[in-house]
There are 2 protein chains.
Amino acid sequence: MDQSHPPFAVTVDVVLLTIRTGDLSVLVVRRGEPPYEGRWALPGGFVRPDEDLDAAAVRELREETGLSSGFHLEQLRTYGAPRRDPRMRTVTVAYLALAPDLSAPRAGTDAADADWRPVATLLAARTRLAFDHDEILRDALDRARAKLEYTPLATAFCADTFTIGELRRVYETVWGTSIDPRNFHRKASKTPGFLVPTEETTTRDGGRPAQLFRRGSLELLNPPLTRG
Amino acid sequence: MDQSHPPFAVTVDVVLLTIRTGDLSVLVVRRGEPPYEGRWALPGGFVRPDEDLDAAAVRELREETGLSSGFHLEQLRTYGAPRRDPRMRTVTVAYLALAPDLSAPRAGTDAADADWRPVATLLAARTRLAFDHDEILRDALDRARAKLEYTPLATAFCADTFTIGELRRVYETVWGTSIDPRNFHRKASKTPGFLVPTEETTTRDGGRPAQLFRRGSLELLNPPLTRG
DNA sequence: TCAAAAGTGTTAATTCTACACCCATGT
DNA sequence: ACATGGGTGTAGAATTAACACTTTTGA
């Protein structure tokens, strides 16, 4: 079984999704050096010699956004085609991250050349992302859509407290569908452990004041909130 | 973003699950050298310099079982804790494979020290697998269980043709539950695209002859066949 | 003839879907 | 007053879950 240990470079890349101005958007950075200089890419970088993979992903995220908490992060999958990086044999562990709209509180954004782009626009564009990042982005989108269905992950796109209407618009944005607000309200509010009610209400969405909720501690939605 | 490219070793490990004598079982190999010499481990090995990750997993599977087709294979996740391998910094890409009972047709099994062990026994045992393979096995079991629910993956445990009763016993074995045979029969046979009927029947399970089916080409089961 | 597993029928409970309708606010 | 989104009620359709019953084989 043993034979040799050819050296690989190992990187992490992060697909950070958020909802901005009604679009599901992803954070991309412009590459400042070859290969693919000047092209948009997913934020990422080399894993350090003593660093865990998850820790590397968290670090990259913090370096690009200033965020160190308040987001969801999970491993997506690993990409290692022999020539995916022209410089050397590189394997990248891709992560999927979901966060609320960070428009306002971006602090430590050292990368001036970082930007949010609507996912749909990027995937439809003829200009491709660097490396195999288009493929990674497509896989991330698939994963995010699938997980909304059977986990409470949609709340990761919402602020600390949110209304049921805001939560519904997350589903509508990510799936590109429309959902009956009344039935959705019933399902969401009656699923035990999904939403934790607060005492407060808000009128920020217009109309009648809506109750504010916090994320529950649920792991799985069974049955799913809405059938795809 | 760039800094240095510390060298990593990259391996693949395969969790090959099958159903043998009524137990969900996994293929393990006995390590012939340090570290963890003499301990059971998941089959796996180093990715070759010009080899794709998926190809490496297929190769390992073939080396251990002689199988080169007729199984399901998907990437599970990647494990890269800094000291998971005492020899060097090693990242392993774990794969989940599902196959029918291979008791009979094992051909090129070069590894004399390979064996099938019931998953439940392994996870309950105080003797641990090598490296972090216990964790990988647990994750694989979780994934397999979850995917049975919303994909037609259960058929991967069945032979080329199979009865609905055999398929039901797959679910019962993997989940450790019992399912009403009559309701299951209805759901399975009425889900379009799930099962392809053949002209043949069999009495190999005893009782009245049962119709034989082949896997359909369906990707997703919606709604799920059985709620967990 | 009996046991065993396949397969069909039926019914009550639950859940889904599509609405009608009222509520409480900002403008 | 009215537009806007929040929230509740309800009825028909569809699905689920539980179980009676018939069918076809091997022993």
Side-chain angles (χ1 to χ4, degrees), chain A residues 19 22 148-150 154-155 158-159 161-173 175 177-214 220-228, chain B residues 19 22 148-150 154-155 158-159 161-173 175 177-214 220-228:
Chain A
I19 294 179
L148 283 208
E149 190 163 341
Y150 60 93
T155 57
C158 295
T161 65
F162 53 87
T163 70
I164 292 183
E166 289 161 3
L167 182 62
R168 174 172 46 83
R169 282 181 279 277
V170 168
Y171 284 90
E172 292 178 330
T173 301
W175 283 341
T177 63
S178 74
I179 298 172
D180 185 298
R182 300 157 295 183
N183 292 336
F184 182 85
H185 185 282
R186 220 188 321 261
K187 281 217 88 174
S189 59
K190 286 196 179 152
T191 299
F194 183 30
L195 300 179
V196 177
T198 72
E199 295 302 309
E200 289 155 86
T201 61
T202 184
T203 60
R204 66 190 179 212
D205 301 323
R208 168 176 167 179
Q211 189 168 11
L212 283 166
F213 295 84
R214 246 175 255 289
L220 240 74
L221 291 174
N222 199 350
L225 248 211
T226 306
R227 295 275 175 80
Chain B
I19 294 179
L148 282 208
E149 189 164 342
Y150 59 93
T155 58
C158 295
T161 64
F162 53 89
T163 70
I164 291 183
E166 288 161 4
L167 182 61
R168 173 172 48 81
R169 282 182 279 275
V170 167
Y171 285 88
E172 292 177 331
T173 302
W175 283 341
T177 63
S178 75
I179 298 172
D180 185 297
R182 299 155 296 183
N183 291 336
F184 182 85
H185 186 282
R186 221 188 319 261
K187 280 216 89 173
S189 59
K190 286 195 177 152
T191 299
F194 183 31
L195 301 180
V196 178
T198 72
E199 294 302 309
E200 289 155 86
T201 62
T202 183
T203 60
R204 66 190 178 212
D205 300 322
R208 167 174 167 181
Q211 189 168 11
L212 283 166
F213 294 85
R214 248 175 254 287
L220 241 74
L221 291 174
N222 201 346
L225 247 212
T226 307
R227 294 274 175 81

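Predicted model only: the values in this text are computed from it and were never measured. Every chain is numbered from 1, with letters handed out A, B, ... down the list of sequences. Note: hydrogens, waters and symmetry copies are ignored here, and every other heavy atom, side chains too, is used.
Summarising the geometry, the separation between CZ on B:Arg208 and C1' on D:dA27 is reported as 19 Å, rounded to the nearest angstrom. Across the protein-nucleic acid pair, B:Asn222 atom CG and C:dC16 atom P stand 12 Å apart, rounded to whole Å. If you take CG of B:Leu212 and C1' of C:dA6, they are 12 Å apart, rounded to a whole angstrom. In this entry the distance linking CZ of A:Phe184 with P of D:dG5 reads 16 Å, nearest Å. Between the CG atom of B:Leu221 and the P atom of D:dT16 there is a distance of 12 Å, given to the nearest Å. Counting to the nearest Å, the P atom of D:dG7 and the CG atom of A:Leu195 are 11 Å from each other. With rounding to whole Å, B:Ile179 atom CD1 is found 16 Å from C:dA5 atom C1'. Atom CG of B:Asp205 is separated from atom P of D:dA27 by 13 Å (rounded to the nearest Å).
The side chain of B:Lys187 has D:dT16 as its nearest neighbour among D:dT16, C:dA24, D:dC19. For A:Arg169, counting side-chain heavy atoms from C-beta on, the closest listed nucleotide (D:dA20, D:dG6, C:dC16) is D:dG6. Between C:dC21, C:dG7, C:dC16, one nucleotide has an atom nearer to the side chain of A:Arg182 than all others, and that is C:dC21. In the set D:dA18, D:dG7, C:dA6, the nucleotide with an atom closest to the side chain of B:Asp180 is D:dA18.
Within 4.0 Å (heavy atoms only), B:Asn183 reaches at least one base atom of the nucleic acid.
At distances below 3.5 Å, not a single donor-acceptor pair connects side-chain atoms of B:Thr191 with backbone N or O atoms of B:Phe194. In this structure, A:Gln211 contributes its side chain and A:Glu199 its backbone to no donor-acceptor pair below 3.5 Å. No donor-acceptor pair closer than 3.5 Å links the side chain of A:Glu149 to the backbone N or O of A:Leu225. For the pair A:Lys187 (side chain) and A:Arg182 (backbone), a donor-acceptor distance under 3.5 Å is absent. Panel note: side chain A:Glu172, backbone A:Ile179; a donor-acceptor pair is recorded below 3.5 Å.
For B:His185 and C:dG7, the shortest distance from a side-chain N or O to OP1 or OP2 is below 4.0 Å. Taking 4.0 angstrom as the limit, B:Arg168 places a side-chain polar atom (N or O) nearer than this to OP1 or OP2 of C:dA6.
Each of A:Gly207 and B:Arg186 was assigned the nucleotide of DNA chain C with the nearest heavy atom; the assignment lying further toward the 5' end belongs to B:Arg186.
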